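Here is the structure we will look at, set down as structure tokens.
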Amino acid sequence: MHKYTSRVRVWGLTCPGFREEVSRARRWTRDILSGHPHADDIALIVSELGTNALLYTASGTETGVFHIALALSDHVIAVSVTDAGGSDTTPKATYADDDALRGRGLDMVSTLAHSVSIHGNDQGHTVTAELLTGHPGSHPW
């Protein structure tokens with residue numbers, strides 16, 4: 001391999017702020033990761049993070065959007081969802097009561113992923129989840 005060639009592949013998708021876009025984002029993720037053993041986990045993470053963007057930020061307004069970036073290397077899958085901001089709060093994992101109807105999304109993402117990071121401000125937040133898929137240099141599937 002040439003010294004300037006990367007084995008990392010990156011895809012991006014911008015979704016309008018409609019609820020049905022979450023299912024489109026999930027299908028897009030599964031199509032990219034078709035056959036990968038972690039495809040369903042990453043699709044679930046995309047679904048949770050996209051839903052959070054629509055429910056809690058300006059992404060869910062008539063003119064709102066959310067952005068997804070998916071990066072795949074030999075040993076890591078990273079997925080980031082960036083919202084449109086407009087929220088007074090920073091996304092954070094909470095531990096909901098058993099009878100709660102909401103509040104489990106980021107906790108579930110944190111359970112599935114090896115690491116979760118959150119960056120941003122009131123102009124928008126990016127939540128990135130990373131899953132380790134193998135050893136450096138090995139093909140994940």
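Since the model is a prediction, treat every value here as computed from it, not as a measurement.
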Quiz item: Looking at CG of D74 and CZ of R7, how far apart are the two atoms once the value is rounded to the nearest 0.5 Å?
Solution: 4.0 Å

Quiz prompt | Exercise: identify the closest heavy-atom pair between A84 and T57 | solution = N-OG1, 4.0 Å

Practice problem: Report the distance from atom CZ of R30 to atom NE2 of H36, rounding to the nearest 0.5 Å. | Solution: 14.5 Å

Exercise. List the steps, then state whether side-chain contact (heavy atoms from CB on, under 4.5 Å) holds for L13 with R24.
Key: CA-CA 10 Å; L13 179 67; R24 182 171 75 100; 3.7 Å; yes

Quiz item: Between atom OG1 of T82 and atom CD of Q123, what is the distance when rounded to the nearest 0.5 Å?
Solution: 13.5 Å

Quiz item: Where is the tightest heavy-atom contact between G50 and V22, given as atom of each residue plus distance?
Solution: C-CG2, 4.0 Å

Quiz item: What distance separates E48 CD from M108 CE, expressed to the nearest 0.5 Å?
Solution: 3.5 Å

Quiz item: Given V81 and T128, is the side-chain contact (heavy atoms from CB on, under 4.5 Å) satisfied, shown in steps?
Solution: CA-CA 7 Å; V81 174; T128 302; over 6 Å; no

Can you give the donor-acceptor pairs under 3.5 Å from side chains of residues 60-71 to other protein atoms, not counting sequence neighbours?
residue : atom : partner : partner atom : Å
T61     : OG1  : A58     : O            : 2.8
T61     : OG1  : G64     : N            : 3.3
H67     : ND1  : T14     : OG1          : 2.8

Quiz item: What do the steps show when you test V8 against V10 for side-chain contact (heavy atoms from CB on, under 4.5 Å), and what is the final call?
Solution: CA-CA 7 Å; V8 177; V10 179; 4.0 Å; yes

Practice problem: Show your working on side-chain contact (heavy atoms from CB on, under 4.5 Å) between L33 and L72 and close with a plain yes or no. | Solution: CA-CA 9 Å; L33 297 175; L72 176 65; 4.1 Å; yes

Self-check item: Co-membership, hydrophobic cluster, residues I42 and I118, 4.5 Å side-chain
Solution: yes

Quiz item: Can you find a pair of side-chain heavy atoms, one from T51 and one from L55, that are under 4.5 Å apart?
Solution: yes

Quiz prompt | OG-CD distance between S73 and E130, expressed to the nearest 0.5 angstrom | solution = 9.0 Å

Quiz item: Rounded to the nearest 0.5 Å, what separation is found between the OG atom of S115 and the CG atom of L132?
Solution: 7.0 Å

Exercise. Please answer whether the main-chain N or O of S59 pairs with a side-chain N or O of D83 as donor and acceptor at a distance below 3.5 Å.
Key: no

Self-check item: Heavy-atom closest pair, residues A113 and I45
Solution: CB-CD1, 4.5 Å

Quiz prompt | Flag for R26-S47: side-chain donor and acceptor within less than 3.5 Å | solution = yes

Self-check item: Minimal non-hydrogen separation, L54 against F18, with atom names
Solution: CD1-O, 3.6 Å

